[in-house]
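Just so it is clear: chains get the letters A, B, ... in the order the sequence lines come, proteins before strands, and each one is counted from 1. Atoms considered below: every heavy atom in the structure, side chains included; atoms not considered: hydrogens, waters and symmetry mates.
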Amino acid sequence: MNKKIIIKTLEKIALYLELQGENPFKVSAFRKAAAALEGDQRSLNEMEDITQIKGIGKGTAAVINELIETGESTQLKELEEKTPKGLVPLMKLPGLGGKKLAKLYQELGIDSVESLRAACLAKEVQKLAGFGAKTEEKILKELEHLGERSERHPIWQLEMIVIEINELLSNIKEVQKYSVAGSFRRVNETSKDLDFIVATDLREKVKERLLTDLAIQEVVADGDTKVSIVLDIDDPVNVDFRLVTLDEYATCLHHFTGSKDHNVKMRQLAKQQGKKISEYGVEQPDGTVQTFKSEEEFFAHFDLPFIPPTIRENGQELERLDEISQLVTLDDIVTDLHMHTTWSDGAHSIQEMGKALIERGYTHGVITDHSQFLKVANGLTPERLLRQRQEIYAFNDDHPQFRLYAGTEMDILPNGSLDFDNDVLKSLDFVIASIHSSFTQSQDKIMERLWTAIQNPYVHMIAHPTGRVIGERDGYNPDIPQLIKWASEYGKILELNANPYRLDLCVEHLKLAMEYNVPIAINTDAHAIDQLRFMDVGTKYAQKAWVKKELVVNTWSTEKFETFIRKNK
DNA sequence: GCCGTTTTCGGCCCGACTGTTTTCAGTCG
């Protein structure tokens, strides 16, 4: 029995219980059990007594054991029989939860999108206690848009919106402090909406500016401390603003950064000390409310180190406090090993990129333009590569405190061969091997191609190992555990491509790479200077996999890096 | 349904907003 199926089943039971209008604590007990199972690193076989796991008791253990033994769950079956399938999609309608849907089903027999719409049109819904004309209208409106709006937005879409909103907030003089919060701040691959925390003494003024200066499709909520809007763009995004005082800012930022699980764990911790955490501060045993200047101060109040937003996920972060100081941060990064210039498909020259790296405080960098196979990207022939190398080394003559290396992002061709022969590769400082073509080949064929690159002595790194684009395509489906084993064996670097379209390797794969001590390079793959900013996203994403700085090649000194790249020459 | 170094019963994180009410339930994050 697959652990994932058990987790899914527990979550399904929770959903159906919710649709029955069941006790919310019972519902969340099933969700907690699912989360507990997911958070446990062990496989099913390694668990002796599952009720030993916190959150799994008699009831949920019975479901799990039945699944293991028979592959089915009687409880889920009964729930599925009792609850019409058509109710499930209705849970997605904003404003409708389990209780209300249960009532609609029990009183009006509503069990589908169609019957709900018909009941609203017949004005039957507003007759129910707890419902009214406004609710009915709202349901009709939401039914029209059901399935139209994306449920989750990819990080690359949100990143651009966040830059714009940050720009707006920085230009409102009544705003004292602001930050994005929520799952975007935790650097999740996708988010349902965006949250911003804004410190101000003049809420009304700030609200006015937000409501006039943003392109708004709909104002969802407009309260004292919360403004919630839908942006009027191609793929509409919901944005919430929380307006608080400067005193409340730190706890509010913490609260709305989440995750929910992290907050619950923090509140339980506070409760043990007779304290109470809310978004407005920490209520002390004597009833006074303490506020903090920063999240650092807030954590220190509970004798905790600063816990980066990226790892505030499942409560595990509170048990791995010792490891936090070893995690890679942007401050540790001294180089970028993958970027393009006007020699291939980049927007800036070698001079411009080199200077931009120096401005970022880096000690070295590698120019890695595309190779000849990639004609659409103006890939370099060996002859052009030679000329480019002269220009790179000329840059070094003018900037003795910095070191720019000559590299390539070489294609691994569809037939499994490499785009340059060994003589060319040998003459370069740093060689990246990448797949940019024939994504639909079988896994065996893809692995054959990667194998060629791995066992070539002059290849240093495999870039964006899966070729995925978040929310768009899955990539070429390599056997990543195998690739990680090869990388470990042959001393190759695997990339974490920091471009928010890619974030490749993903968290799960990075964790596995850590187990095998495979060096990771976090690279922006910048095709223009402003894309060097992706290093921030990349390092934060790496934290999500608990990537330690020693294994991140970008933290190595120029000397250590040179030793590594020259070892096979 | 789960949990317990005050508890085997009575809590379960806490608060905002909306729409329905006329003090509150449901939903949401």
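At the phosphate of B:dA16, OP1 or OP2 sits under 4.0 Å from a side-chain N or O atom of A:Tyr280. At B:dT20, one or more side-chain N or O atoms of A:Thr135 fall inside 4.0 Å of OP1 or OP2 (strictly under the cut-off). For the OP1/OP2 pair of B:dC12 and a distance below 4.0 Å, the side-chain nitrogens and oxygens of A:Ser28 include no atom meeting the criterion.
Using the Watson-Crick or G-U wobble rule with both distances under 3.5 Å, B:dT8 pairs with nothing in any strand shown.
Taking atom CZ of A:Phe184 as the reference point, atom P of B:dG29 lies 18 Å away to the nearest angstrom. Straight-line distance from the CZ atom of A:Phe131 to the P atom of B:dC24: 20 Å, rounded to whole Å.
Contacts of A:Lys276 with the nucleic acid, taken as non-hydrogen atoms under 4.0 Å apart, involve only primed sugar atoms and P, OP1 or OP2. Among the atoms of the strands shown, none is found under 4.0 Å from any heavy atom of A:Asp240. Backbone-only engagement by A:Phe30 is indicated by non-hydrogen atom pairs under 4.0 Å involving sugar-phosphate atoms exclusively. Residue contacts for A:Pro24: at a heavy-atom cut-off of 4.0 Å it reaches no nucleic acid atom on any strand shown.
Within the 6.0 Å centre-distance limit, the rings of A:His254 and A:Phe299 are counted as a close aromatic pair.
Between A:Phe292 and A:Phe298, the angle of the ring planes goes over 60°, which puts this pair in the perpendicular group of the 30/60° scheme.
Remark: the separation of the P atoms in B:dT6 and B:dC17 is 37 Å, to the nearest Å.
Remark: A:Asn171 CG is packed, more than 12 non-hydrogen atoms of other residues, nucleotides or ligands lying under 6.0 Å away.
Annotation: cation-pi geometry not satisfied between A:Lys100 and A:Tyr105 (NZ/CZ under 6.0 angstrom from ring centroid, within 45° of ring axis).
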